[in-house]
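Some notes on the structure that comes next.
Only this structure's heavy atoms are used, side chains among them; waters, hydrogens and symmetry mates stay out.
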Amino acid sequence: MTGSVTPPPRLPEPGKERMNLPLAPTDEPPQLRADAARNRTLLLDAASRLLSGCGAADLTMESVAAAAGVGKGTVFRRFGDRAGLLIALLDHREKQLQAAFLSGPPPLGPGASAADRLHAFGPAVLRHERDHHPLILASRTDPLRNYAVPAHHLRINHIAMLLRQANVPGDPELLAHSLLGSIDTALVHHLTTERGMPLERLEEAWHHLVTRLGAPA
């Protein structure tokens, strides 16, 4: 994510939910010049190779520039800072998750009831992010930055839409934030790594929350 922040999409009015929300890139503007796109791909490929070898903690803008054979300034211009680079590395994985819950097969995608899709969403996010905890956590240098990422807004809007469709009482946007907060990467990492909780226990807790809100499976 670079210096500019994409404004959050507006939540749909009740009864006017959008069934097909657009994929929301983590940080990338909708169109890039061909040369800029090539440079971005070159840098991300270099960063991915370094990430596999040294891990997120030791990934630096300087090392990416050296591995890609470009100047350090090129990396900063493309991604803004190290956090922006790390977020960009997560972009492709995020798009895969978005495709799954926006247009993939049920129960996560369309074709199932809103309640069933809500129940499927939490475990899908937990499994999706399980193998990327170090990378995600390393990208969070600003505690407020995550809330400005378009992909986060898409998740909130999607959950809120399903809550409305399932006729769950209450403020759908605030309830969506509460639900998504229960499977936040930092919390999940703490519970699974520091507390030794199995991921299945967290998935079951998601189902309990959704059911208590009034959307039984």
In Å and rounded to the nearest 0.5 Å, what is the [atom1] to [atom2] distance from [X] to [Y]?
| X | Y | atom1 | atom2 | answer |
| --- | --- | --- | --- | --- |
| Glu62 | Arg82 | CD | CZ | 10.5 Å |
| Ile156 | His177 | CD1 | NE2 | 4.0 Å |
| Phe121 | Ile183 | CZ | CD1 | 6.0 Å |
| Leu202 | Arg195 | CG | CZ | 10.5 Å |
| Leu179 | Leu118 | CG | CG | 7.5 Å |
| Arg117 | Ile159 | CZ | CD1 | 11.5 Å |

Inset, instruction - Please assess Arg38 against Thr41 for the test side-chain hydrogen bond (donor to acceptor under 3.5 Å, both in side chains), listing each intermediate value before the final yes or no. - result: CA-CA 5 Å; Arg38 285 193 297 270; Thr41 299; over 6 Å; no

Legend entry - Verify same cluster id: Val125, Leu199 (apolar side-chain graph, 4.5 Å):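 Yes; Leu199 is reachable from Val125 via cluster members.
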
Inset, instruction - Give the cluster check for Leu187 versus Leu175: same hydrophobic cluster or not, with ILVMFWY residues linked at side-chain heavy-atom distances below 4.5 Å. - result: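 Yes.
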
May I ask you to decide if [Y]'s main-chain N or O and [X]'s side chain share a donor-acceptor pair within less than 3.5 Å?
| X | Y | answer |
| --- | --- | --- |
| Trp206 | Ala120 | no |
| His207 | Gly122 | no |
| Arg78 | Leu85 | no |
| Thr193 | His189 | yes |

Legend entry - Heavy-atom closest contact (Ala176 atom, Leu163 atom, distance):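 Heavy atoms of Ala176 and Leu163 come nearest at N-CD1, 3.9 Å.
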
Inset, instruction - Given salt bridge (charged side-chain N to carboxylate O under 4.0 Å, His left out), test Arg49 with Asp45 step by step and report yes or no. - result: CA-CA 6 Å; Arg49 293 194 302 270; Asp45 285 346; 5.5 Å; no

Inset, instruction - Would you mind telling me which of Val149, Leu102, Leu97 makes a side chain to side chain contact (heavy atoms under 4.5 Å, CB included) with Leu154? - result: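 Exactly one option meets the side chain to side chain contact (heavy atoms under 4.5 Å, CB included) with Leu154, and it is Leu102.
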
Legend entry - Whether Tyr147 and His152 hold their rings parallel, tilted or perpendicular, with breakpoints at 30° and 60°: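 Ring orientation, 0 to 90° scale: perpendicular.
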
